[in-house]
Number of protein chains: 2
Amino acid sequence: MSGAQKSSERSSIDEAATRKRGRSLAALGYTKPQTYEELRAVLSSGTVHFPKRLRQVAIFLWQHPSDVALGTIAQVAEQAGVQPSTLVRFAQIFGYAGFSDFQGLFKDHMKGSWPERAGAERTAEPNANLHFLNGMVGASQASLGRIDNSFDIESFDRMVALLAEAELIYVIGSKRAFPVTTYLSLTLSQQGVRNVLVDNVGSTALDQVGCIGKRDAVLAVSFSPYNSITPDLVAVAHERKARIVTITDSTFSPLVKLSDIWLEVVESDFAGFRSLAASLAVGMALVHGVVARRTE
Amino acid sequence: MSGAQKSSERSSIDEAATRKRGRSLAALGYTKPQTYEELRAVLSSGTVHFPKRLRQVAIFLWQHPSDVALGTIAQVAEQAGVQPSTLVRFAQIFGYAGFSDFQGLFKDHMKGSWPERAGAERTAEPNANLHFLNGMVGASQASLGRIDNSFDIESFDRMVALLAEAELIYVIGSKRAFPVTTYLSLTLSQQGVRNVLVDNVGSTALDQVGCIGKRDAVLAVSFSPYNSITPDLVAVAHERKARIVTITDSTFSPLVKLSDIWLEVVESDFAGFRSLAASLAVGMALVHGVVARRTE
DNA sequence: AGCATTTTCGAACATGATTTCCAATTTCCA
DNA sequence: TGGAAATTGGAAATCATGTTCGAAAATGCT
């Protein structure tokens, strides 16, 4: 392989070299790898011989994919102990125009494995409706996938304890949180836990919450952009000295500073439609926890 | 905070503004966050107020750290729905010269968490609440997992077509199906699709459905043991010649023989608590399909 | 309601990153 | 061993990205 191209003379030499290399990869049955996994498959097949520096690159890429994804070409080159142009040449062997395109394989791989998106990959689907459905399923899976090692089990346990002690639980949530609160209220009721679903029928939400007392608790659910009446309702409960626990999707929720305990549950969306899968799972676990604790 | 700097005059004004902001953060005991975790701590302290766009940035950074780490400022800005300069301003509030420096926090965080370098995983501790939560997550995932190759896409497409033609959609569901129908009604409304959520407030469900006509449609959701008022409501709609589509979890539902089209969505449970994840995903896909079809 | 201040957006400019190209060096083959 | 071909390194050119700055818009206060 020659990187040189001096004139029409060099141009014809380069074409010959490109054809030679092109034939070599095509003859081996490989096309331009579209994913990190495909790239790894080619590299590990053992059928591609690399000269010294390119081999060095291959080893580095294999062993340090996150550095490759996150660094600039200059940084990666330095870490790998080669020149930036060597990285470009490496990428071009695989049919990429330059290193940045090639680096996208590593970025996509990293994104796909990160909790935000884990499970989001589903097969492409020619039917538009099915495509959307798969996307929605993926978003739901991604949301559930965030419930992992970093889940704040300590706050969760404390929420369970607090709610278990409450005389009456006011369940508050609007708009997108409302399906979650209706399910919470239903399951709490079915389990014999006294609760009030604050549903604002007849615009009476403020009046309902106006009856909350010190021995009661609020279980609030709220998602960004936090522009429902839920913050106002919770503020009333706060003034009346009720205990407050909140499920919300970021620290910026106005409910956070009103709450004794809060728990972060983030939902993914697909094309603007939001999952509720994780919130519902957490909600059910809360209800179950409260019941378990009260029957100890 | 002013980003403006026009001359020595502006320079002194800018210094004053910078000092003001600097004093504000310094007075709160915060120095320039050196790690992603420190940044999160500052953001979640609740003591920093953000105007509209900066708050939007904060929420995005909080919820999408991998996108922030792996994207260019232009990409991140687009995803967050702000201008690139807004991201720069955000970074400067925290003492960074520009966004790229600031982005390093996210890159370092991501590198630190990647398997190449990940430390020991947290040892699982026995915790009943966590056990239940993981069970609930598993049930939700199992429910979503059923949406696979055997999904009845034909009936789904026909349901979409039927609903898209309806003049008014009556959304009917009770008890465990109610969270699904409230979400359906909300998203239909948000998408400009006329619908009535039959919620039986004031025990008026039968009266609401009593108004349904031939050009209207019912979207019913019903789960076993089918002992809610939903079958009665749907029977009224059937008598009045409305078109009826149903999401239910078996062929034994009394709604099946009243429906023009029906779709089976089965939810798993854990210890008696039922997932709703699959029904919600299918519901959102229905709403999206109706909207798409009406805009063709 | 009016005005001062703050925030925002986006065009212009600056900077850094990426790619190209070629001379020097290394490798391979007869 | 000598010569052809391949590989490499690095400077220059090009491109893309990041930052600055100011007018317009929004917000807050009296």
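Lettering of chains follows the sequences in order, A, B, ..., and the numbering in each one begins at 1. What you are looking at is a predicted structure, and each value in this text was computed from that prediction instead of being measured.
I73(A) places a side-chain heavy atom less than 4.5 Å from the side chain of V88(A). Residues R146(A) and S268(A) are in side-chain contact: their nearest non-hydrogen atoms beyond the backbone lie under 4.5 Å apart. Under the 4.5 Å side-chain criterion, counting only non-hydrogen atoms from C-beta, F60(A) is not in contact with V82(A). Side chains of T86(B) and R89(B) form a contact here, defined as non-hydrogen atoms less than 4.5 Å apart. Proximity of F102(A) to L61(A): side-chain heavy atoms (C-beta onward) are separated by under 4.5 Å at one or more points.
Distances were taken from every side-chain heavy atom of R53(A) (C-beta onward) to each of dG9(D), dT19(C), dT7(C); the shortest belongs to dG9(D). Listed nucleotides: dT19(C), dT8(C), dT19(D). Nearest to the side chain of K52(B): dT8(C).
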Collect all protein-nucleotide pairs involving nucleotides 10-16 of chain C in which both atoms are nitrogen or oxygen and the distance is under 3.5 Å.
| residue | atom | partner | partner atom | Å |
| --- | --- | --- | --- | --- |
| dG10(C) | OP2 | Q83(B) | NE2 | 2.8 |
| dG10(C) | N7 | S85(B) | OG | 3.3 |
| dG10(C) | O6 | S85(B) | OG | 2.8 |

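Here R89(B) does not reach the OP1 or OP2 of dT7(C): none of its side-chain N or O atoms lies under 4.0 Å away. Distances shown here put a side-chain N or O of Q92(B) below 4.0 Å from the OP1 or OP2 atom of dT20(D).
Distance, L70(A) CG to dA17(C) C1': 16 Å, rounded to whole Å. Straight-line distance from the CZ atom of R55(B) to the C1' atom of dT7(C): 15 Å, rounded to whole Å. The nearest whole Å value for the distance from the CZ atom in F90(B) to the C1' atom in dC9(C) is 18 Å. I93(B) has its CD1 atom 8 Å from the P atom of dT7(C), to the nearest Å.
Taking a 4.0 Å limit (strictly below) on heavy-atom distances, residues 100-107 of chain A does not reach DNA chain D anywhere.
Using five terminal pairs a side, the axes of the helix from dA1(C)-dT30(D) to dA30(C)-dT1(D) at its two ends make an angle of 40°, given in steps of 10 degrees.
Note that CG of L70(B) and NE2 of H109(A) are 11.0 Å apart. Values are rounded to the nearest 0.5 Å.
Side-chain polar atoms of S189(B) and N195(B) form a donor-acceptor pair below 3.5 angstrom. If you check the side chains of Q63(B) and S250(A), you find no donor sitting under 3.5 Å from an acceptor. No hydrogens or angles considered: a donor-acceptor pair under 3.5 Å links the side chains of S174(A) and T230(A).
A salt bridge is absent between D269(A) and R176(A); no separation between the charged side-chain nitrogens and carboxylate oxygens falls under 4.0 Å.
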